[in-house]
Undergrad: 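What follows is a structure written as structure tokens; I'll ask about it next.
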There are 2 protein chains.
Amino acid sequence: MQPKSSSARSPQAELLADATALHAAVSDLVRIYQFRDRDKICCYDISVTQCYALEALAGRGPMRSQALAELLLLDKSTTTRVVDALERKGYVERRADAADARALSLQITRKGRTLYETINRELIAQQAEIVAGFDREACAMATEVIRRLARAAEARFVSGISVGDCAPGTGCSPRRRD
Amino acid sequence: MQPKSSSARSPQAELLADATALHAAVSDLVRIYQFRDRDKICCYDISVTQCYALEALAGRGPMRSQALAELLLLDKSTTTRVVDALERKGYVERRADAADARALSLQITRKGRTLYETINRELIAQQAEIVAGFDREACAMATEVIRRLARAAEARFVSGISVGDCAPGTGCSPRRRD
DNA sequence: GGCATATAGTTGTCACATGCAACCTAAATC
DNA sequence: GATTTAGGTTGCATGTGACAACTATATGCC
């Protein structure tokens, strides 16, 4: 697993070794974070997806349901329900869109923003513990790599084929019958 | 969001800025990978969790159900069902444990290993595309940071309090009533 | 203006993932 | 040998999310 001394290895092999190590690390991270994030749920009273929605609305301002769905890579029906939950709890508001009577303007409430900030602060504090062990350079590098990974994955996901060759975001997933 | 020139900022502030950037990037990555990984599901005929299980068995050799559960941070009942599915599809086998009649030895089959390797190869190839754009140093650094993040998250999750102050792995999550 | 079509959201329905509790069987302990 | 503990499985409930059908509005074409 660990890249050995790179002497006597082709650039090809090095690339593969690096990619393998990175993949293993990322894969692990993602798996574990799914649990970590689920914890976040119960402590405050929202789900992970709800939290992402809150984040989007906090960071980008009001938007339509459709825009939110695209941003979060969710189906519009799922988005409706996510917003339902958030609205019920008073974290977002649905306002009529002035320009289009069909559309909505989703807005985070003050209460929602406060909640989001609280959660975010805690999560960032956790990262800070780790970041403290690295120099800034290394941290910036890692952050950049992670960003690119995310963008690349998103692009792959949105645009089409991901792994194997099923349809993309169209959501081929649930078609599986165990 | 972007760390500005670090002149005139306290180390505290720098740390916070770095942590914030890292958190945002990781958070994004995790969210997107959940979708990307779900794609992986349908293309080959297993779920994400099933794939993690296959990975564990491929990488660490035969183990008991309980050990697998601990490794994947899953409940033992969930693990049972994950293994059910994999066994039904012929990717793993349950063998009697010689030493303990209650226990099982879970083993990946040749077919299972082949599948895992196929999936893994594709995923690694995807990483390779991204890795190709970085120098090895940066890549190694990022990999290391990501590993530490994962380990830290795992430790936090397993040991106790995560965010807020609900119980840990005990699975406080589902107790929420939307 | 009026009908055909497209678009924004909502609701019905279904499948899947997963935790907890109760249970069963086999070990371990006394 | 009886009680307790441990490894797994099954019953049940909940959360999540996709897809499809539907409603209401907007847009285009005549």
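In what follows, chains are A, B, ... by sequence order, proteins preceding strands, each numbered from 1.
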Undergrad: Taking the nucleotide of DNA chain D with the nearest heavy atom to each, does B:Lys76 or A:Asp100 sit closer to the 5' end?
TA: B:Lys76

Undergrad: Tabulated below should be each protein N or O lying under 3.5 Å from an N or O of nucleotides 2-6 of chain D; please produce it.
TA:
| residue | atom | partner | partner atom | Å |
| --- | --- | --- | --- | --- |
| D:dA6 | O4' | B:Arg102 | NH1 | 3.3 |
| D:dA6 | N3 | B:Arg102 | NH1 | 3.0 |

Undergrad: Just wondering, do A:Tyr33 and B:Val26 contact through their side chains at under 4.5 Å, heavy atoms?
TA: yes

Undergrad: C:dG19, C:dT10, D:dA18: which one has an atom nearest the side-chain heavy atoms of B:Leu74?
TA: C:dG19

Undergrad: Mind checking if A:Thr78 touches a base, just sugar-phosphate, or nothing, with heavy atoms under 4.0 Å?
TA: base

Undergrad: Tell me what A:Thr79 touches on the nucleic acid: a base, only sugar-phosphate, or nothing, going by heavy atoms under 4.0 Å.
TA: nothing

Undergrad: Is there side-chain contact between B:Thr114 and B:Tyr91, with heavy atoms separated by less than 4.5 Å?
TA: no

Undergrad: Considering only C:dT10, D:dT10, D:dG17, which nucleotide approaches the side chain of A:Leu104 most closely?
TA: C:dT10

Undergrad: More 5' along DNA chain C: B:Ala99 or B:Val82, using each one's nearest nucleotide?
TA: B:Val82

Undergrad: Could you tell me if the side chain of A:Lys89 sits less than 4.5 Å from the side chain of A:Asp45, heavy atoms only?
TA: yes

Undergrad: At less than 4.0 Å, is any side-chain N or O atom of A:Ser47 found next to OP1 or OP2 of D:dG15? Yes or no.
TA: no

Undergrad: Check step by step if side-chain contact (heavy atoms from CB on, under 4.5 Å) holds for A:Asp97 and A:Leu104.
TA: CA-CA 5 Å; A:Asp97 182 305; A:Leu104 298 170; 5.9 Å; no

Undergrad: Is there a side-chain contact between A:Arg64 and A:Leu106, using heavy atoms and a 4.5 Å cut-off?
TA: no

Undergrad: Could you give the CZ-to-P distance, from A:Arg81 to D:dT14, as a whole number of Å?
TA: 17 Å

Undergrad: How about A:Cys139 and A:Glu137: do any of their side-chain heavy atoms sit closer than 4.5 Å?
TA: no

Undergrad: Could you tell me whether B:Asp97 contacts a base, only the sugar-phosphate backbone, or nothing, with contacts defined as non-hydrogen atoms closer than 4.0 Å?
TA: nothing

Undergrad: Any N or O donor-acceptor pair linking the side chain of B:Arg94 to the base of D:dG7 at under 3.5 Å?
TA: no

Undergrad: Check whether any side-chain heavy atom of A:Arg148 sits under 4.5 Å from a side-chain heavy atom of B:Phe134, and report yes or no.
TA: yes

Undergrad: Hey, does B:Ser77 reach any base, or is it just sugar-phosphate, or nothing, if we go heavy atoms under 4.0 Å?
TA: base

